Amino acid sequence: LQALRSAHMLDDDPGSGANNLTRHLSAILLVTTACNLACSHCFASGGDYGLGRSQMTRDVIDATVSYLARQTTSLYQDHGFLGEAELGIHFFGGEPFIAFDQVRYAVELGTRAAQELSQTVGRLVRPDFFVTTNATLLNAERIAFLKEHDFTVLVSIDGPDHDARRSYVSGKGSLAKAMEAFRALRALQVPLRLNTVIRNSDVPHI
């Protein structure tokens, strides 16, 4: 409990009067419902959520970033916010790097919007980018892009049974490729998180 208190994990809700805290205004972009893996435990029916495979249009990305910009402007101009704000975009799928062009477009748009907001409201508004990925489609160019734009990357890795659980459609396991990308991201000091699915049968062996 002392460790949690010292890290402010047990603080009371600051309420509406907390005008000196960082506000994180964000959206999750489901940039594609396609996936290159056939994970046995996928909650999204293979990535498409039962909706069929498609990719997000630029019109939807434009509308989302515009909405975040309006909300951020209102935070300062209508509600008297005095702290710093972040314009956050979380890329999700499917596998987001199937739609890398959409990711790149949204990052360029979000970065520009954050710069314009900083001028409009007279406070620093930072872009904040996050992606959840199986890492199998990452290469040197894409990893450099993630580093350049200060992404946080959540990589899905399931330990010893990864290949059985996260295989390509062909049945080949994906662990070697995911670990290769993980090590390359870590070498560039890209902030990393891990997503691991734990089943009931795993509990005795955790």
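Because the structure is a prediction, the values reported are computed rather than measured.
Listed by chain and number, the residues in a side chain to side chain contact (heavy atoms under 4.5 Å, CB included) with Ala184 are Ile143 (sequence neighbours excluded). For Ser54, there are no side-chain hydrogen bond (donor to acceptor under 3.5 Å, both in side chains) partners two or more places apart in sequence or in a different chain.
Ser6 places a side-chain N or O within 3.5 Å of a backbone atom of Ala3 that can act as its donor or acceptor partner. Looking only at distances, a side-chain donor or acceptor of Asp202 sits under 3.5 Å from a matching main-chain atom of Arg199. Checked by atom type and distance alone, the side chain of Tyr76 never pairs as donor or acceptor with a backbone atom of Gly122 at under 3.5 Å. Checking side-chain atoms of Thr64 against main-chain N and O of Val60 turns up a donor-acceptor pair under 3.5 Å. At distances below 3.5 Å, not a single donor-acceptor pair connects side-chain atoms of Lys147 with backbone N or O atoms of Val190. Between the Thr196 side chain and the Ile157 main chain, a donor and an acceptor come within less than 3.5 Å of each other.
Inter-residue side-chain proximity for Phe92 and His90 is flagged as met; some heavy-atom pair is nearer than 4.5 Å. Annotation: side chain of Val153 is not in contact with side chain of Phe130 (no heavy-atom distance under 4.5 Å). At least one side-chain heavy atom of Met56 sits under 4.5 Å from a side-chain heavy atom of Leu29. Glu86 places none of its side-chain heavy atoms less than 4.5 Å from the side chain of Ser26. By the 4.5 Å heavy-atom criterion applied to side chains, Gln102 and Ile61 are counted as neighbours. Residues Leu185 and Val155 have side chains in contact (heavy-atom distance under 4.5 Å, counting atoms from C-beta outward). At a threshold of 4.5 Å between non-hydrogen side-chain atoms, the residues Leu137 and Ile98 count as touching. Side chains of Glu95 and Leu37 form no contact here, defined as non-hydrogen atoms less than 4.5 Å apart.
Side-chain heavy atoms closer than 4.5 Å link hydrophobic residues (I, L, V, M, F, W, Y) into clusters, and following such links, possibly through other members, connects Phe151 to Leu192. Tracing side-chain contacts under 4.5 Å through hydrophobic residues (I, L, V, M, F, W, Y), one never reaches Val103 starting from Leu154; they form parts of separate clusters. Note on Val197: it does not cluster hydrophobically with Val203, by side-chain heavy-atom contacts below 4.5 Å among ILVMFWY residues.
Heavy-atom minimum distance, Ala135 versus Ala181: O-CB, 3.4 Å. The two residues Val31 and Ala99 come nearest to each other via the heavy atoms O-CB, 3.9 Å. Nearest heavy-atom pair, Asp48 versus Ser45, reported as atom, atom and distance to 0.1 Å: OD1-O, 3.0 Å. Listed here is the closest heavy atom pair of Pro127 and Gly110: CB-O, 4.3 Å. Across every non-hydrogen atom of Cys39 and Arg166, the tightest pair is SG-CG, 3.6 Å.
Side chains of Asp158 and Asn195: no donor on one and acceptor on the other come within 3.5 Å. In this model, no donor atom of one side chain and acceptor atom of the other lie less than 3.5 Å apart for Ser74 and Arg70. Between Thr136 and Asn134, the side chains place a donor N or O and an acceptor N or O closer than 3.5 Å (distance only, hydrogens not considered). If you check the side chains of Asp62 and Tyr105, you find a donor sitting under 3.5 Å from an acceptor.
Rounding to the nearest 0.5 Å places CD of Gln115 at 11.5 Å from OG1 of Thr120. The structure places CG of Leu146 at 6.0 Å from CG of Leu138, a figure rounded to the nearest 0.5 Å. With rounding to the nearest 0.5 angstrom, the OH atom of Tyr67 is 8.5 Å from the CG atom of Leu25. Here the straight-line distance linking atom OG of Ser118 with atom CZ of Arg126 works out to 9.5 Å at 0.5 Å rounding. Here the CG-CZ distance, from Leu175 to Phe182, works out to 11.0 Å after rounding to the nearest 0.5 Å. Put simply, CZ on Arg112 and CG on Leu87 are 12.5 Å apart, with the number rounded to the nearest 0.5 Å.
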Decide side-chain contact (heavy atoms from CB on, under 4.5 Å) for Thr72 and Val125; before the verdict, give the C-alpha distance in whole Å, the side-chain angles of both, and the deciding distance to 0.1 Å. CA-CA 9 Å; Thr72 304; Val125 177; 4.2 Å; yes
Determine, step by step, whether Glu141 and Arg104 satisfy the salt bridge (Lys or Arg N to Asp or Glu O under 4.0 Å) criterion, reporting the C-alpha distance in whole Å, the side-chain angles of both residues, the deciding distance to 0.1 Å, and the verdict. CA-CA 12 Å; Glu141 175 193 359; Arg104 183 162 42 199; 3.8 Å; yes
Step by step, would you call Glu84 with Arg123 a salt bridge (Lys or Arg N to Asp or Glu O under 4.0 Å)? CA-CA 7 Å; Glu84 294 184 349; Arg123 307 283 293 185; 5.9 Å; no
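By the 30° and 60° cut-offs, the orientation of the rings of Phe91 relative to Phe129 is tilted. The aromatic rings of Phe145 and His149 sit tilted, their planes meeting at an angle between 30° and 60°.
Legend: side chain to side chain donor-acceptor pair (under 3.5 Å) pairs involving residues 168-189, not counting sequence neighbours, sorted by first then second residue: His162-Ser174.
Cation-pi geometry between Arg142 and Phe97 is not satisfied (NZ or CZ under 6.0 Å from the ring centre, within 45° of the ring normal).
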